[in-house]
Amino acid sequence: MHKNLADDGWFIINGMEKSYSDPERYFSCEPGIRKIAMELYEGIRHLGIISPHSHVDPALFSSPERRFGNPAELFIIPDHYVFRMLYSQGIPLEALGVATLKGEVTAEPREVWQTFCAHYYLFAGTPTSLWIQDELAAVFGINEQPCAENAGRLYDRISEALASAEYSPRALFDRFKIEVLCTTDSATDALSAHQSLKQGPWQRRILPTFRPDTLFKLPSPGWKNALAKLGSLYGKEISSYKVFLEAIEERRAFFKAMGAKACDHGVLNPFTENISTEAMEKIFQRALAGTASNEDYANFSAQMLMEMARMSCEDGLVMQLHAGSLRNHNQALYERFGADMGADIPVSAEFTRNLRPLLQRYGSTAGFRLVLFTLDESAYSRELAPLAGHYPAVKLGPPWWFLDSPKGMERYLDATVETAGFYNLAGFNDDTRGFCSIPARHDLWRRISCNWLAKQVSRQFLGLSSAKEIARELAYGLALQTYGLSS
């Protein structure tokens with residue numbers, strides 16, 4: 001069952017051998033659709049990359065001498081898509097080089113890589129395998145699958161490349177044709193890496209994104225520490241709800257001055273509500289005293305989303321709302337390793353009633369943008385597409401996380417376009433921590449969207465000229481417009 005999968009990089013389609021870097025990969029097996037898809041793709045494949053939402057560390061680009069450490073640090077350790085699959089098969093995170101909250105690391109990078117390669121067969125049929133194979137082929141010229149037998153050779157080959165100037169993060173940024181890269185940063189981040197880049201000679205558009213989630217999570221053990229850090233940055237103790245809002249507004253202004261175009265919020269349910277300032281003050285004081293209830297937390301979060309929408313109307317930051325993920329489902333793993341360990345699990349999310357207070361107040365406000373993401377596919381056609389097809393402020397984010405896959409992308413387009421149209425979509429973002437996966441993720445989206453458009457052309461739902469224009473918008477233009485990244 002677990003035989004050597006290190007082939008020579010070839011597989012069979014329609015009786016013909018195709019390489020992992022075949023230019024027609026992922027397109028329909030039907031010749032007519034395949035031809036149209038290829039024509040559409042040829043018109044967009046050379047476009048630059050707009051990445052309006054990622055989790056890449058901006059410190060990667062701190063200097064021309066900065067390098068990626070080793071293949072394990074590049075492909076495995078920062079990527080929960082990778083280690084969650086291996087963990088599901090009984091491989092402990094310690095064996096994958098993931099550091100505990102105490103900073104303990106028990107596996108050497110070469111051992112981590114060997115474990116990954118020996119179990120690479122586990123990724124068959126997943127988008128992770130497509131991204132990794134694309135990275136290996138396009139970035140490192142490796143046109144074979146990792147396995148136990150070739151692990152050492154691949155490790156040495158990749159390590160040698162990473163040591164060279166041509167594979168520095170800065171060099172790859174330009175090689176990948178990244179025009180804009182937006183990171184995701186805590187509201188209390190000093191943005192020192194961004195400041196250094198902004199003041200240095202290497203001028204590229206690497207922009208911060210304001211994420212205040214930790215400041216809204218009253219039950220979190222770290223809430224008071226986050227509040228204290230906010231007060232330190234603001235230069236004033238945060239002892240009231242009024243001062244709290246003032247400090248948040250000041251931080252948003254700082255982020256915007258540093259080039260931020262968006263704020264980002266992750267919630268279990270997109271619950272919004274109009275709660276009075278007096279009631280919010282009482283909740284805030286109970287939180288300071290350590291007596292806030294779960295109901296207090298829900299109401300506080302609901303009103304803070306209203307406040308974030310208000311502030312976005314005032315300062316122009318695009319409001320991103322990711323809903324439907326139950327975070328840190330594996331409590332033991334969370335206590336040992338912390339957040340973002342691949343144990344965030346999708347749940348159903350209701351948008352229509354939950355967002356009504358926010359949309360009633362701000363949904364038709366000129367200049368306001370609310371980009372909605374979900375892990376609940378049933379909400380696409382039932383709620384999100386109708387909301388985006390009505391409210392001027394609402395745009396639909398692309399397939400997120402577990403849905404960022406070939407079939408997930410197709411289902412997304414099937415479920416949304418007929419109601420919302422193409423121009424109420426927000427284009428694509430990669431939402432990745434793995435820097436070298438960015439071009440692979442964008443290329444997969446471009447190929448799948450071109451193939452989907454080709455089917456519409458073949459059935460005469462779209463004309464070819466319209467499909468060419470829409471393919472460009474899905475790959476590039478919609479993200480620019482939604483996030484105001486043209487300037």
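- When atom types are taken as modelled, the side chain of E281 and the backbone of Y241 share a donor-acceptor pair closer than 3.5 angstrom.
- Taking CG of L359 as the reference point, atom NE2 of H390 lies at 9.0 Å (rounded to 0.5 Å).
- Counting heavy atoms from C-beta on, the side chains of T374 and F351 come closer than 4.5 Å.
- Under a 3.5 Å cut-off, the side chain of T115 and the backbone N or O of E111 do form a donor-acceptor pair.
- No more than 12 heavy atoms of other residues, nucleotides or ligands sit less than 6.0 Å from atom OH of Y334.
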Residues S129, Y120; criterion side-chain contact (heavy atoms from CB on, under 4.5 Å); working and verdict: CA-CA 8 Å; S129 70; Y120 185 76; 3.8 Å; yes

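- Side chains of P127 and Y81 form no contact here, defined as non-hydrogen atoms less than 4.5 Å apart.
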Residue pair D315, K256: steps toward the salt bridge (charged side-chain N to carboxylate O under 4.0 Å, His left out) verdict: CA-CA 8 Å; D315 62 24; K256 187 170 182 182; 5.6 Å; no

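- With hydrogens and angles disregarded, no donor-acceptor distance shorter than 3.5 Å links the side chain of R110 to the backbone of Y155.
- The closest side-chain heavy-atom distance from N429 to Y483 is below 4.5 Å.
- Proximity of a side-chain donor or acceptor of E350 to a complementary backbone N or O of N354 within less than 3.5 Å is detected.
- Heavy-atom minimum distance, K395 versus A426: CB-CB, 4.4 Å.
- Ionic pairing of E246 and K242 is present here: one or more N-O contacts between side-chain nitrogen and carboxylate oxygen are shorter than 4.0 angstrom.
- Side-chain N or O atoms of S168 include one that pairs as donor or acceptor with a backbone N or O of A165 at under 3.5 Å.
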Pair E94-R336, salt bridge (charged side-chain N to carboxylate O under 4.0 Å, His left out): steps then yes or no: CA-CA 11 Å; E94 289 87 344; R336 179 162 172 74; 2.7 Å; yes

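- Across L93, V98, N328, a single residue satisfies side-chain contact (heavy atoms from CB on, under 4.5 Å) together with L333, and that is L93.
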Verdict with reasoning, L191 to K198, per side-chain contact (heavy atoms from CB on, under 4.5 Å): CA-CA 10 Å; L191 302 184; K198 193 172 183 178; over 6 Å; no

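- Rounded to the nearest 0.5 angstrom, L478 CG and L396 CG are separated by 11.0 Å.
- The nearest pair of heavy atoms linking M304 to M280 is SD-CE, 4.2 Å.
- Taking 4.5 Å as the limit, every side-chain heavy atom of V267 sits out of range of all side-chain heavy atoms of F216.
- A donor-acceptor contact shorter than 3.5 Å is absent between the side chain of K261 and the backbone of T209.
- Of the possible polar contacts, none joining the Q320 side chain to the L370 backbone as a donor-acceptor pair under 3.5 Å is found.
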Salt bridge (charged side-chain N to carboxylate O under 4.0 Å, His left out) evaluation trace for D174 with R170: CA-CA 7 Å; D174 291 336; R170 287 189 176 188; over 6 Å; no

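- Under the 4.0 Å criterion applied to side-chain N and carboxylate O atoms, R310 and E307 are assigned as salt-bridge partners.
- For Q481, the CD atom counts as loosely surrounded, since its 6.0 Å shell holds 12 or fewer non-hydrogen atoms of other residues, nucleotides or ligands.
- The two atoms that bring R356 and T272 nearest to each other are N-OG1, 4.4 Å, heavy atoms only.
- In this structure, R175 is positioned above the aromatic face of Y167, its NZ or CZ under 6.0 Å from the six-membered ring centre and within 45° of the axis.
- Within a 6.0 Å radius of CD in E295, no more than 12 heavy atoms belonging to other residues, nucleotides or ligands are found.
- Enclosure of atom CZ in R353 is not indicated, since only 12 or fewer non-hydrogen atoms of other residues, nucleotides or ligands lie within 6.0 angstrom.
- Between L197 and R204, every side-chain heavy-atom pair lies at or beyond the 4.5 Å cut-off.
- Taking the salt bridge (charged side-chain N to carboxylate O under 4.0 Å, His left out) definition, one finds that E410 meets it with K407, sequence neighbours left out.
- With hydrogens and angles disregarded, a donor-acceptor distance shorter than 3.5 Å links the side chain of R251 to the backbone of D189.
- Across all non-hydrogen atoms, the minimal contact from P399 to M409 is CG-CA, 3.9 Å.
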From CA spacing to verdict: side-chain contact (heavy atoms from CB on, under 4.5 Å), L60, F173: CA-CA 10 Å; L60 275 177; F173 186 98; over 6 Å; no

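- No option in W131, F428, Y476 other than F428 meets the ring-ring contact (aromatic ring centres under 6.0 Å, His included) test with H442.
- Checked against R441 for a salt bridge (Lys or Arg N to Asp or Glu O under 4.0 Å), the options D404, D431, D134, D430 give a single hit: D404.
- Shown here is E335, whose CD atom has more than 12 heavy atoms of other residues, nucleotides or ligands within 6.0 Å.
- Looking at heavy atoms from C-beta onward, L96 lies out of side-chain contact with F116 at the 4.5 angstrom threshold.
- Atom CZ of R472 has 12 or fewer neighbouring heavy atoms from other residues, nucleotides or ligands inside a 6.0 Å radius.
- Between R45 atom CZ and R446 atom CZ the span is 11.0 Å, to the nearest 0.5 Å.
- In this structure, CD1 on I238 lies 7.0 Å from CZ on F284, to the nearest 0.5 angstrom.
- Residues M319 and F368 are in side-chain contact: their nearest non-hydrogen atoms beyond the backbone lie under 4.5 Å apart.
- The ring-ring contact (aromatic ring centres under 6.0 Å, His included) test with W401 singles out one residue from H322, H53, H55, H80, and that residue is H80.
- Of all heavy-atom pairs between L355 and P270, the closest is CD2-O, 3.7 Å.
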Test log, rule side-chain contact (heavy atoms from CB on, under 4.5 Å), inputs Q195 and M258: CA-CA 7 Å; Q195 293 193 62; M258 291 299 298; 3.2 Å; yes

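- Although no hydrogens or angles enter the test, the distance criterion places a donor-acceptor pair under 3.5 Å between the side chain of W445 and the main chain of L474.
- For the atom pair OG (S312) and NE2 (H265), the distance works out to 6.0 Å, reported to the nearest 0.5 Å.
- C182 and P52 make their closest contact through CB-O, 3.3 Å (heavy atoms, listed as atom of the first residue, atom of the second, distance).
- Residues L207 and L485 have side chains in contact (heavy-atom distance under 4.5 Å, counting atoms from C-beta outward).
- In this structure, CZ in F210 is found 7.5 Å from SG in C263, a value given to the nearest 0.5 Å.
- At least one donor-acceptor pair under 3.5 Å links the side chain of N424 to the backbone N or O of A388.
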